[in-house]
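Taking it in order: structure first as structure tokens, then the write-up.
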Amino acid sequence: MSKRIFITGMGGHLGTSVALALDERTDVEVMGADIDPPRRHLTRTAFERVPPEDSERLTALISDFAPSHLIHLGIYEPHARSRPGDAHSRSLSATEAVFRAAADGDTVERVVVRSGIEIYGRRRGSPLGPDEDSAVDPTTPYGRTLRDVEEMARAFARDSGASVAQLRFAPIVGPHIPSPIGRYLRLPLVPVAAVPDLPFALLHIDDMTHATIAALDADWSGPLNVVAEGAVSGSQAVRLGGRIPVPVMGPMWVLARSITGMLGSPLPQHGVEMLVRGRTADGGRARQVLDWAPRFSTVEVVKDLYQWASVVYLDTREAA
Amino acid sequence: MTAPAPHQHVVRGLRSRHEGSFTVDPWGLDPGWHSLALRVAALRWSVRVAGERRIPSSGPTMVVVNRGLGFTEPLVAALGIAEVSGRPARMVGLPDVSVVGSLLRRVGAVLAHPDEVSSLLRAGELVVAPLQWRLMYGGMAGGLDLGMASAAVSTGATVLPSVARGHEWSRTWHYTLGTALDVPAAAGREPAVDLAEAARAAIAKAL
């Protein structure tokens, strides 16, 4: 029997990327929903435009489709595609709808939920490189959103017996991804921590896609850290992109965030925390459980972020 | 092939900083800073190492070292190990405070947090875990933090007891690595307690 897969958050880059990978497979039937339509042409995949706040409609849509597998990517990062306040309510609303539909329908065998390594928090004295057994102690609004989402996922897994994999992704950045961190690092002058800044890990969208699809096939319930190999510091990332680092410390961050916000690149709290306090995680368990390995290192993800194709002007006179 | 002249070394280092092509590992170690710190430390301390063949060339390794009044013993251990084995030794006990903490991470220091030490060991790194404070040497050794012992047990690390001897103000220090301790195969509190006691006893005997 073919898998019936429902994808929330299909209109974002992450959702589109996963849908695109599944669109080629003939052994699955895929349907998705989001606030925006997918960013690529999908031939076999059905899509419904549903705002995440409309949890009743989303629940009904999922129930009607009767999926065997759910990929819940409808988690909204502040300043990515949503304002910080909307990001939290949209994420929770979509998550409630997903698990309500899954509980009502009784057809769902497996759920893959998007989470992030922001969930560990970076309070003073907290470790770099935590694994999945480390304490969850979020210190930013986005981290707290992820914690709430994971709590709902755990409750569903406990009540239903279905396996629910919570993929804690490192920040996903790329040249065309609406990520606040990626947008920020591409500014010509980039505020970075004045003292030696701590390392952070990133993730390439292709690796995120492969890990998500691998999690669909793996019988795993629980969190998994999905991170690229290696790390970079903020100032190093900025130099890799040929940008100018502007050292900032303490209260100067408030000014720096205001200025970058006015320039069209607002930096959420978890972004500042990452640049100042670092953010890495141990991804060994995901590699083992999912039989997956990232193809891009963190440095390669940063280099990819700065790859912009040059404009090629078409010479129509020659063609004629 | 001839080694690069010191000024070429400096130019290469500066260029890598300018281009961002240097490396920082997930715990903050910067090999360039680490190498510089070793050179500076070697101006202050001369470490004579015995038992260096006991240091595994790779794989998770925890070296437990005595500790007196200050941080000298773990520093001497980290310096001695790096000099004889070439493996960067991650000194456990970093204070997580701004500026100082960030700077020390660049040269290889890490938090005395079981999760951080476990992640280093899982990645096959070598860590230097000091015993708890003791003001006097005479056969007395503090205990090994249970969190550190748990990290070693859960990752199946090689655990080496070691002793650093010298005076705080002297340049020459003697550093001796003992034979590897038996690490219990089962994880849990009891095996960690046993390992911590074994490490303390081995070091107390050698002092």
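Naming: A, B, ... by sequence-line order, numbering from 1 per chain.
- Judged purely by atom type and a 3.5 angstrom limit, Q236(A) uses its side chain to pair as donor or acceptor with the backbone of F22(B).
- Using a 4.5 Å cut-off between heavy atoms, D115(B) touches chain A through backbone and side chain atoms alike.
- For the set V97(B), L111(B), D30(B), L94(B), the count of heavy-atom pairs under 4.5 angstrom toward chain A peaks at L111(B).
- Taking all atoms of both residues into account, the shortest heavy-atom contact from R105(B) to L198(A) is CD-CD2, 3.4 Å.
- No part of S118(B) comes within reach of chain A, as not one of its non-hydrogen atoms sits under 4.5 angstrom from that chain.
- Enclosure of atom CZ in R15(B) is not indicated, since only 12 or fewer non-hydrogen atoms of other residues, nucleotides or ligands lie within 6.0 angstrom.
- Interface check for chain A: of the options G28(B), P26(B), S119(B), the most heavy-atom pairs under 4.5 Å are formed by P26(B).
- Using a 4.0 Å cut-off between a side-chain N of Lys or Arg and a carboxylate O of Asp or Glu, D96(B) and R122(A) do not qualify as a salt bridge.
- When all heavy atoms are compared, the tightest approach of R17(B) to R239(A) is O-CG, 4.0 Å.
- In this structure, the portion of R123(A) lying under 4.5 Å from any heavy atom of chain B is its backbone and not its side chain.
- For residues 124-153 of chain A, a heavy-atom distance under 4.5 Å to chain B picks out R124(A), G125(A), S126(A), P127(A), L128(A), G129(A), D131(A), S134(A), A135(A), given by residue number.
- In terms of heavy-atom pairs under 4.5 Å with chain A, the best-connected choice from V117(B), L120(B), V99(B), V110(B) is V99(B).
- Contact residues of residues 263-282 of chain A toward chain B are R277(A), T280(A), D282(A) (heavy-atom distance under 4.5 Å).
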